[in-house]
S.K.: 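My structure is below; once you've seen it, I'll send some questions.
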Number of protein chains: 2
Amino acid sequence: MTQVTVTEHFLKFSFNKAKIHIIMPDDKIAIFKQTELFRDLDDAVLDVLAKHSVVKRLQRDEILFLASEPAKGLFVIASGSVRAFRTSADGREQVIHVERAVTTIAEVPVFDDGNYPSTAAAEEPTTLYFLNKQLILKTAVEHPQLALAALKLLASRLRRCAELVETLSLREVGQRLASLLLEEARNNGTKTERGTEIELRLTHNQLAARIGTVREVVTRALIRLQEQGLIVHEGKEFLIPDIKVIAAYAEAENSE
Amino acid sequence: MTQVTVTEHFLKFSFNKAKIHIIMPDDKIAIFKQTELFRDLDDAVLDVLAKHSVVKRLQRDEILFLASEPAKGLFVIASGSVRAFRTSADGREQVIHVERAVTTIAEVPVFDDGNYPSTAAAEEPTTLYFLNKQLILKTAVEHPQLALAALKLLASRLRRCAELVETLSLREVGQRLASLLLEEARNNGTKTERGTEIELRLTHNQLAARIGTVREVVTRALIRLQEQGLIVHEGKEFLIPDIKVIAAYAEAENSE
DNA sequence: TGCATGATGTGACCCAAGTCACCGTCACAG
DNA sequence: CTGTGACGGTGACTTGGGTCACATCATGCA
């Protein structure tokens, strides 16, 4: 779907060209300008980045990189979305964060010069641009806007990660699920007179990987939330009658 | 103990002065130079930072700042140590990270301009220097070394936080405890012919707060590790016969 | 049309870990 | 030398949530 948008762009810029598989730098610049990391840079600088970037396309669930694999740079997510996660020895996944187009992923190894800290895979068909880490570092030194943007980005990632630690350690499954729905409602919810509506395009398995549990437990937790009147859901459609109530539940000491 | 060192410094620099309560900027510069964040800056720049910094002393368990309290800047830990943690409604703590002198804490709100992401408290008598965030930002723009050092620091913090998420979500208590001991052994262990020895100056309650459980469970987990021959401990003294074995245990799928 | 395949729902079972209650030890202050 | 509080150890009990085994129901594709 987002894929379609890219195709449109692509056509717009290239239907007169002989080699129609090349994505034009101008197009990339437009994409880069939408990222938190690069938006403050001049077009000239973006042009350099664009020229050095390499396209990569992934199908759903295709792996972008593996945890502890040597990292050569970061990726701009032009369309689609990517989840970063860790896997236990018995195959269970814990999602660390999910990034949706347009943004960047794998900034960490660029700056601390280590391996990839987690595994990343496409959640849907996804287009990415790879950028070499030396180039990013060089640009950051020459253009403090980039360094500051990166600092801000890493800081907010760290803040969210600390929140994840808190909910995993200190809250029960029902509350963690409520937190996720709440966040979704705040970001992508549409308000109606009946409450806030959201469409969760996630399977119970995906939900489980995000809140640190397994499928069956998610199913039951959803039923419990429904019974307690915190949510109403049929299929992927969720209605949250009162955001305040579910927020209180997510924070509460005792989840009755 | 570390406190004593500071007193020595203090005396060395000030016994000829009239106002003996003032910590000399030179002394601060020497401290700042030991932090990952500031070590690459020139003395002239450090001098400006030192002159604008404010001393703060804390007793054990005294609170430095509270989660979600407005943040005005970061702290240099000159001596002692500080734990950053989150608290659940029923009072349980989950430690996010612990920082020992000499380093910095609370960088996150400097760069993303938010509130403090977690509560921080002294683990022992601690001396800190407060630095205003505008000053840090200004310095970071003017001196890319600082921005790069901050990026590196945040990146490595994020990496460790992701690891914490993984162990909390994917590993059992025994493994989490083993991970902690392992890390301690790698950092502060002394190798002998019997294995690696460490001295853990933590109560079971503190251990529990770090690995996301409660005191009694820690006691029992330690006993189990002992029974399985992974560790030998009397009191605060731990002997790890074979680091490789405990590392394997910490990663394993099934903890038999 | 029919057969995989993946998602969801559900009952039965089990266990790691949290809770509660209580004890002994030790250090330190009064 | 005694009271008080922190710390560690332990048994008994409860429970959240993970595991297993099936059943149902779409969807899609052969």
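A note on names: the letters A, B, ... follow the listed sequences, proteins ahead of strands, and every chain is numbered from 1. This one's a predicted model, so the numbers in the text were calculated from it and none came from an experiment.
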S.K.: Can you establish whether the number of heavy atoms outside B:Lys236 located under 6.0 Å from its atom NZ is more than 12?
M.R.: yes
S.K.: Any salt bridge linking A:Arg201 with A:Glu123? Criterion: basic side-chain nitrogen under 4.0 Å from a carboxylate oxygen.
M.R.: no
S.K.: For nucleotides 24-30 of chain D, tabulate all protein N/O to nucleotide N/O atom pairs closer than 3.5 Å, reporting atom names and distance.
M.R.:
none

S.K.: Send over the distance from B:Leu207 CG to C:dA17 C1', rounded to a whole Å.
M.R.: 16 Å
S.K.: Give the rounded distance in Å between these two atoms: CD of A:Gln226 and C1' of C:dT8.
M.R.: 14 Å
S.K.: Decide, yes or no, whether a salt bridge links B:Arg86 with A:Glu163 under the criterion of side-chain N to carboxylate O below 4.0 Å.
M.R.: yes
S.K.: In whole angstroms, how far is the C1' atom of C:dG9 from the CZ atom of A:Arg224?
M.R.: 15 Å
S.K.: Under 3.5 Å between N/O atoms: give me all the protein pairs with nucleotides 10-13 of chain D, atom names plus distance.
M.R.:
| unit_1 | atom_1 | unit_2 | atom_2 | d |
| --- | --- | --- | --- | --- |
| D:dG11 | N7 | B:Arg220 | NH2 | 2.6 |
| D:dG11 | O6 | B:Arg220 | NH2 | 2.8 |

S.K.: Write down the distance between CG (A:Leu202) and C1' (C:dT8), rounded to a whole number of angstrom.
M.R.: 15 Å
S.K.: Kindly determine whether B:Ser88 and B:Asp90 satisfy side-chain hydrogen bond (donor to acceptor under 3.5 Å, both in side chains), including the steps that lead there.
M.R.: CA-CA 5 Å; B:Ser88 74; B:Asp90 64 334; 2.3 Å; yes
S.K.: Are A:Lys56 and A:Glu62 within salt-bridge range, i.e. N to O under 4.0 Å?
M.R.: no
S.K.: Using whole Å, report how far CG of A:Asn205 lies from P of C:dG9.
M.R.: 12 Å
S.K.: Output all residues satisfying side chain to side chain contact (heavy atoms under 4.5 Å, CB included) with A:Glu216, sequence neighbours left out; order by chain, then residue number.
M.R.: A:Val214, A:Arg220
S.K.: Give the rounded distance in Å between these two atoms: CG of A:Leu222 and C1' of C:dT10.
M.R.: 14 Å
S.K.: Taking all non-hydrogen atoms of both residues, which atom of B:Pro109 and which atom of B:Asn115 are closest, and how far apart?
M.R.: CB-O, 3.7 Å
S.K.: Mind calculating the distance between CD (B:Gln206) and C1' (D:dA6) to the nearest angstrom?
M.R.: 12 Å
S.K.: Check the distance between D:dT19's P and A:His204's NE2 and give it to me in whole angstrom.
M.R.: 18 Å
S.K.: What verdict does the side-chain contact (heavy atoms from CB on, under 4.5 Å) test give for A:His204 and A:Val217, after you've listed the backbone C-alpha separation in whole Å, the side-chain angles of each residue and the deciding distance to 0.1 Å?
M.R.: CA-CA 9 Å; A:His204 290 188; A:Val217 175; over 6 Å; no
S.K.: Are the side chains of B:Thr87 and B:Arg92 in touch, meaning some heavy atoms are under 4.5 Å apart?
M.R.: no
S.K.: What's the closest nucleotide to the B:Thr203 side chain, out of D:dG16, D:dG8, C:dG18?
M.R.: D:dG8
